[in-house]
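Report on the structure given below.
Lettering of chains follows the sequences in order, A, B, ..., and the numbering in each one begins at 1. Quick caveat: nothing in here was measured; it's all calculated off a predicted structure. Basis for what follows: all heavy atoms, side chains included, without hydrogens, waters or symmetry-related copies.
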Amino acid sequence: MGKRSVIPFGPQHPVLPEPIHIDLVVEDERVIEAIPSIGFIHRGLEGLVDKRDFNQMTYVVERTCGICSFQHGMGYCEAVEHIFGVDIPDRAKFLRTIWAEIGRMHSHLLWLGLLADGFGFENLFYQCWRVREKVLDLQEMTSGGRLIFSVNKVGGVMKDIPADMLKIILTTMDEVEEELKEMKKTFFNDYSVQSRLKGVGVLTKEQINRLGAVGPFARASGVVSDMRTLGYAAYPMLDFEPIISEDGDCYARCYVRMQELFQSIDLIRQAVAKIPAEGDLAVAIKGNPDGEYFMRVEQPRGEAFYYVKANGKPNLQRMRVRTPTFANVPGLCEMLKNTELADVGLLVLTIDPCISCTER
Amino acid sequence: MANITRSPWLLHYDGSSCNGCDIEVLACLTPVYDAERLGVMNTGDPMQADILLVTGGINSQNQDTVKQLYDQMPRPKVVVAVGVCACTGGVFKDCYNILGGADTTIPVDVYVPGCAARPQAIMDGIIKAVGIFQQRSNEYKAQVKEKKKAAKKGAQN
């Protein structure tokens, strides 16, 4: 047995833009144990329900995370809408789906870029982020905001996407698809990428189930878990299958996210084809919510979970968010055991950590 | 900008932001906006950094970390608060765990507002910071010169 020592990882670390602290117990170059400590970005936004009413909370919830901001707002709004017992107009459902999938695309492109940066492929990193700007331009065009665009409200959406913008979305999707096909070749045929990702950080299906991991991280190990199949927004009206890989290594996680990008493009095309030409954007909400509801949505990182409890007053009694990264941290710690120290940065990246979500 | 003699390096730290400003800071460094053409470079090491970009407010857990990062940076140094949370606490101002903006813990030179701050605004902030850095660097050099002169005089006497 070699000499054991503890190496701190983070909170400030070049690989991640966000602070997470992990104590790595290493024996020579091999990681024996990983002990995470979180709380560097804890703001306590769930506690704001005492000070903000249920409409204002939409904007607070959207700022749980800047990357999947739209999906946070959507999950919260759907939960409150269920308490009110209202059914939002079809056009609003489709608009939510389109924005949600655009958000998923920019999140996955961001992750692919960071992964490329993680294994030292700067060129690929820049390519991913260059394509991502096109997707961000769509968000800006349709809503006015690049990242945080508050278009959700309880009862529907605030802004419409006119027909000419839908056309621009379609042409941009064509362009992005072409670029992605080029990038896919590099990600999956380049031997240096393969040697860095294949067989690294393998988790089996049983391990994933035991540790409760969610999202692409779980799907890469063969677990079929996609909350979109539960049928919120316009997903029941669209045709798609969860993307799964059986290998459970870093390469499989990369594969799942890359395929999900193509899936998102397909979903956006379907949604644009099926969206009702005219219709209301929102239903009027009267009074205050009374009751409780659980809502689950599929974010780019996995299943996010919202619990809303109200008692007929403008302020909610309790609002709880459980975000995908929080569910994936036990899986990460299991994965880090018995790996090389040099792989730690890459492995932390492969769960697509969003610490802001985790700590709220 | 014309009289820049050094290329300052950037250090980015996420205080307690929602991630929005962080990825915009990263987007600044990628081809579309490319802050590196201004002569700055991104680094992960506080001991090599000259400009600190803080995003998000300060909470009780990260206060020491931010202070430590600031102390580890060599002088002269400039701090840019990116995003409305780093300026004042923003939407999270009333949260129980938020102490306020970055200026509650470290002296801030440039404030970049916005939620999330747009890359153009961040670039503007960086340009301002580079100017301040150059000015401080000149002052610091003059001080060192002065000190050396005084020491030489002392040795002669």
**Q.** Among the listed options B:P46, B:G90, B:C115, the residue most often paired with chain A at heavy-atom distances under 4.5 Å
**A.**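 Most heavy-atom pairs under 4.5 Å with chain A: B:C115.
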(Q) At a heavy-atom distance under 4.5 Å, which candidate from B:S17, B:C18, B:G20 has the highest pair count against chain A? (A)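 If we count pairs closer than 4.5 Å to chain A, B:C18 comes out on top.
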Q.
Set out, in order, the CA-CA distance, both residues' side-chain angles and the distance that settles side chain to side chain contact (heavy atoms under 4.5 Å, CB included) for A:R132 and B:I23, then state yes or no.
A. CA-CA 11 Å; A:R132 176 174 167 267; B:I23 49 180; 3.7 Å; yes
Q) How about B:Y96 and A:H42: are their ring centres within less than 6.0 Å of each other? A)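 Centroid separation for B:Y96 and A:H42: below 6.0 Å.
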For [X], look at atom [atom1] and say whether over 12 heavy atoms of other residues, nucleotides or ligands are found less than 6.0 Å away.
X	atom1	value
B:E146	CD	no
A:K51	NZ	yes
A:F187	CZ	yes
B:K93	NZ	no

Q | A:E140 versus chain B, the contacting section by heavy-atom distance below 4.5 Å | A |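 The side chain, not the backbone.
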Q) For A:L45, is it the side chain, the backbone, both or neither that has a heavy atom under 4.5 Å from a heavy atom of chain B? A)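 Its backbone and side chain both get close to chain B.
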(Q) Looking at B:S16 and A:R43, would you say the former's side chain and the latter's main chain have a donor-acceptor pair under 3.5 Å? (A)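 Pair absent, no side-chain N/O of B:S16 close to backbone of A:R43.
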Give me the atom names and distance for the closest heavy-atom approach of [X] to [Y].
X	Y	result
B:V91	A:V60	CG2-CG2, 4.1 Å
A:C354	B:N19	SG-ND2, 3.4 Å
B:F92	A:R63	CZ-O, 3.3 Å
B:G15	A:I41	O-CG2, 3.7 Å

(Q) Working to the nearest 0.5 angstrom, can you tell me the gap between B:D22 CG and A:I355 CD1? (A)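 If we round to the nearest 0.5 Å, B:D22:CG and A:I355:CD1 are 11.0 Å apart.
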Examine whether an atom of [X] lies under 4.5 Å from a heavy atom of chain A, and if so say whether it belongs to the side chain, the backbone or both; otherwise answer neither.
X	value
B:I58	neither
B:V32	side chain
B:N59	side chain

Q | Min side-chain heavy-atom separation A:L110-B:L26 under 4.5 Å | A |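 Of all side-chain heavy-atom pairs linking B:L26 with A:L110, none is under 4.5 Å.
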Q. Taking A:R130, A:R52, A:E46, A:Q127 one by one, which has the highest count of heavy-atom pairs under 4.5 Å against chain B?
A.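 Maximum pair count with chain B is reached by A:R52.
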